[in-house]
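The figures here come from the full heavy-atom set of this structure, side chains too, leaving out hydrogens, waters and symmetry mates. What you are looking at is a predicted structure, and each value in this text was computed from that prediction instead of being measured.
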Amino acid sequence: MPARKEPTAQSLNRYIEIATRLCKNNKLDKYIKYAVFPNFKNLENGARIDFNFPVTAIIGPNGSGKSSILHALYGMPYNFSTSRFWFSTTLDPIEEGKNKGANRYFYAHLIRDISKHVETKKIRRKRNESYWEPARVSRPDGMQAIPKEYTEKEREFRVADRWYPTFRAPIYISFKYQFSAFDRAFHVNNTGLTIQERIEKIKKSATKISKVISKGKQSYKPGGVESVFTNRPLTESELIWINHILGKKYVGATYLKHRLYEKESGLSIIFQTENGQYSEAFAGSGELAVVNLVIKLLNGEQNSLVLLDEPETSLHPGAQENLIRFLLWTVIEKHYQIVISTHSPTITQSLPKEALYALLETDEGSTAISQVAHPHMAFHRIGHIPDNKKLVIVEDQLLLKLVEVALDELSDWQKESISLDLPSSGGDEIFKYLLPIHGKEKREVYYILDGDKKPKVSLDLEKLETMESEEIFDKIKEAFCCEPLHLKSNDKEGCMNYIRRAKENVFNIHMECPEAIFLEALGYSDAHSLSNQEAKELLVEHLDKEKLGSSAEIQHTLFNYHLRKNGETPHISDVAQFLDEISRI
């Protein structure tokens, strides 16, 4: 039997594959499948988030409510309450009643013992605002009816009118408020002292800390008061993952929880390298955050619900990707469910599409939860993509090669004005997700698609204006083979705006797909008559026959070569003209 790989040696894609299988096959007991918010803070009434992958990332600008969703999730399991984070004060009263009723949410969770997903509701009680209690099923909120008859086994998980909450213990970590013992003593507290006085105080405390560590003291009581609470070396497993995430080569580290710097307890980490040692005073804040995270997650209960608020804080992009690998490993080994609030493109690009949700402001000023077809739809709002660049989304990698060659036909200033990108899973998601979302956000985004993505029916604007909204909506579904997100059959103006955007912002190449253009470049005169599937199969057959190989990477390289070798063609010039028009808008 081959030796088992070190956990850090597994590829990110391999971890995603295993985690996906665990989720789809219902192997994650107590897993929260979805959450619905009939009335919760500023979320749109009835907002819903589906947890289709064990690690979910929620993207949105500051103040959009990312942390609020984590706070709601924290209160969902048995014996935990959202009131730890959200409570009423005279400055910020919680308003309830009117048309919305009490603040509440419900969610579905898996009980493997009875092989069922069941729904549980929690509601905030005015009489005791610190308590969010389980409540009976509410059909007006959209909850499923609870069966009146139930088995003896089901009796363990319910009473007559409700199911018990899930028993996943939450682990909540906010990376925005993590301070080491040193940082708290030197930078946050003791502000009444001069810098020199602080330095002298730190020096005296450091002598005591050094003594505690060198002698392995588990108890230390200067002045008769216990000042050491935890003093231990990191385990081999903890060290492996910390090194992996941070890209370091620590040979050891000591974890010390104490109050030797000040009265309030704090955390110190003393790292050992081949060349010596140093404490958290000389380490980055990211190192402390990663140590804290790894320790908590490696020692957490099986089936925990892990909630991470902006874990990218103080971590470089490489560390962020390695962090996702670690989180996926905990899903596989400890059956965790993990939800992240984030601003990080690296984190979102490390996860599959079904793991991504964005928070979008509605016309009414509330916040909608929307599944993300591509991270750009959210990152436009938080400034990741420069507003002075026109974003052009290209259907797939092979078509991107054609667009890149066409872009080279433009002048330098035009090239600088355009940013090219890819959707996460092809052109189908553009009409369903990206086009309506970018339209709602009033973002000027453009799309270059295969010829087979042209509308399936004629969309004459003058004729459409004479139709009822429901007829126009049906035309959209027929033309684009989907029901676009946020579009409503009774919203004629919205439907017409969607069609105008599809006509003005979408460019289709003249052939069914770039593979057909590739075949034409290889001498196939009838390539224009091939369907998408026929062209793909014939291209693979040709490349294999020529012993060139037919992998996606080889196709991209050879297509790029033939396009540049053959010089300007109608296919290149048509795309170049579209890009030229975009650059001048």
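- With sequence neighbours excluded, no residue forms a salt bridge (Lys or Arg N to Asp or Glu O under 4.0 Å) with Asp113.
- Every side chain to side chain contact (heavy atoms under 4.5 Å, CB included) that Ser366 has, sequence neighbours left out, goes to Asn42, Glu44, Thr362.
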Quick one, Tyr172 with Phe85, criterion ring pair (Phe, Tyr, Trp, His ring centres under 6.0 Å). Give me CA distance, side-chain angles, the key distance, then yes/no. CA-CA 11 Å; Tyr172 180 89; Phe85 303 98; 4.6 Å; yes
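- Among the candidates Ile69, Asn45, Thr82, the single residue satisfying the side-chain contact (heavy atoms from CB on, under 4.5 Å) test with Phe40 is Thr82.
- Residues forming a side-chain hydrogen bond (donor to acceptor under 3.5 Å, both in side chains) with Lys116 (at least two apart in sequence, or on another chain): Glu154.
- Listed by first and then second residue, the ring pair (Phe, Tyr, Trp, His ring centres under 6.0 Å) pairs that reach into residues 293-315 come to none, sequence neighbours excluded.
- Counting only residues at least two apart or on different chains, the salt bridge (Lys or Arg N to Asp or Glu O under 4.0 Å) pairs with a member in residues 476-489 are Asp474-Lys477.
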Walk me through whether Lys122 and Met76 qualify under side-chain contact (heavy atoms from CB on, under 4.5 Å). CA-CA 7 Å; Lys122 277 198 169 183; Met76 289 180 185; 5.5 Å; no
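- Residues that satisfy the salt bridge (Lys or Arg N to Asp or Glu O under 4.0 Å) test with Arg162, not counting sequence neighbours, are absent from this structure.
- Checked against salt bridge (Lys or Arg N to Asp or Glu O under 4.0 Å), Lys503 has no partners two or more places apart in sequence or in another chain.
- Electrostatic pairing of Asp50 and Lys33 does not count as a salt bridge here, judged by no charged N lying under 4.0 Å from a carboxylate O.
- In terms of the salt bridge (Lys or Arg N to Asp or Glu O under 4.0 Å) criterion, residue partners of Glu238 (sequence neighbours excluded) are, by chain and number, Arg232.
- The side-chain hydrogen bond (donor to acceptor under 3.5 Å, both in side chains) search around Asn303 returns none, not counting sequence neighbours.
- For His316, the side chain to side chain contact (heavy atoms under 4.5 Å, CB included) partners at least two apart in sequence or on another chain are Ala319.
- With sequence neighbours excluded, the residues that form a side-chain hydrogen bond (donor to acceptor under 3.5 Å, both in side chains) with Arg14 are Glu17.
- For Thr367, there are no side-chain hydrogen bond (donor to acceptor under 3.5 Å, both in side chains) partners, not counting sequence neighbours.
- Using a 30° and 60° split on the angle between ring planes, Trp241 and His244 fall in the perpendicular class, above 60°.
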